[in-house]
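Remarks on the structure that follows.
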Amino acid sequence: MNARLKVFALLEAQGMPASEADDLVAALEAGAVAGAQCQVVELGGMAPASRGAVFADGWDDGVTAVSEALVGIAEREWSAARRPVGRGR
């Protein structure tokens with residue numbers, strides 16, 4: 001059994017309706033991805049100076065690309081949570 005199913009089982013055992021449990025789990029997932037995005041953003045401008053300006057530019061471009069991808073993932077998770085119950089997640 002995966003962690004997501006275990007959380008649902010625990011919430012159900014406490015009497016939480018499935019729709020609320022699904023919203024809660026999706027919000028937690030989106031929050032975890034958003035937290036990772038915050039950590040990635042902090043890497044901007046932290047390329048090793050010894051590698052030169054071209055490397056630093058690539059580093060920062062990579063940080064931006066990963067950050068934007070994580071924002072998209074978090075938004076998709078949150079949007080999926082807002083769909084009606086029975087969406088096949």
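Every value quoted in this text rests on a predicted model; they were computed, and no experiment measured them.
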>> Tell me whether Val41 shares a hydrophobic cluster with Val33, the cluster being built from Ile, Leu, Val, Met, Phe, Trp, Tyr side chains joined at under 4.5 Å.
In response: no
> Under a single-linkage definition using a 4.5 Å side-chain heavy-atom cutoff for Ile, Leu, Val, Met, Phe, Trp and Tyr, are Leu43 and Val71 assigned to the same hydrophobic cluster?
Replying inline: no
> Any idea which heavy atoms bring Ala47 and Ala56 closest together, and the distance?
Replying inline: CB-CA, 3.7 Å
> Can you tell if the side chain of Asp23 reaches within under 4.5 Å of the side chain of Glu20, non-hydrogen atoms only?
Replying inline: no
> Can you pull the side chain to side chain donor-acceptor pair (under 3.5 Å) pairs that have at least one residue in residues 43-72, sequence neighbours excluded?
Replying inline: Gln37-Ser67
>> Check for me, please, whether Val63 and Leu70 land in the same ILVMFWY cluster - side-chain distances under 4.5 Å, paths through other members count.
In response: yes
>> Please enumerate all residues that pass side chain to side chain contact (heavy atoms under 4.5 Å, CB included) together with Leu24, with sequence neighbours excluded.
In response: Leu11, Met16, Leu28
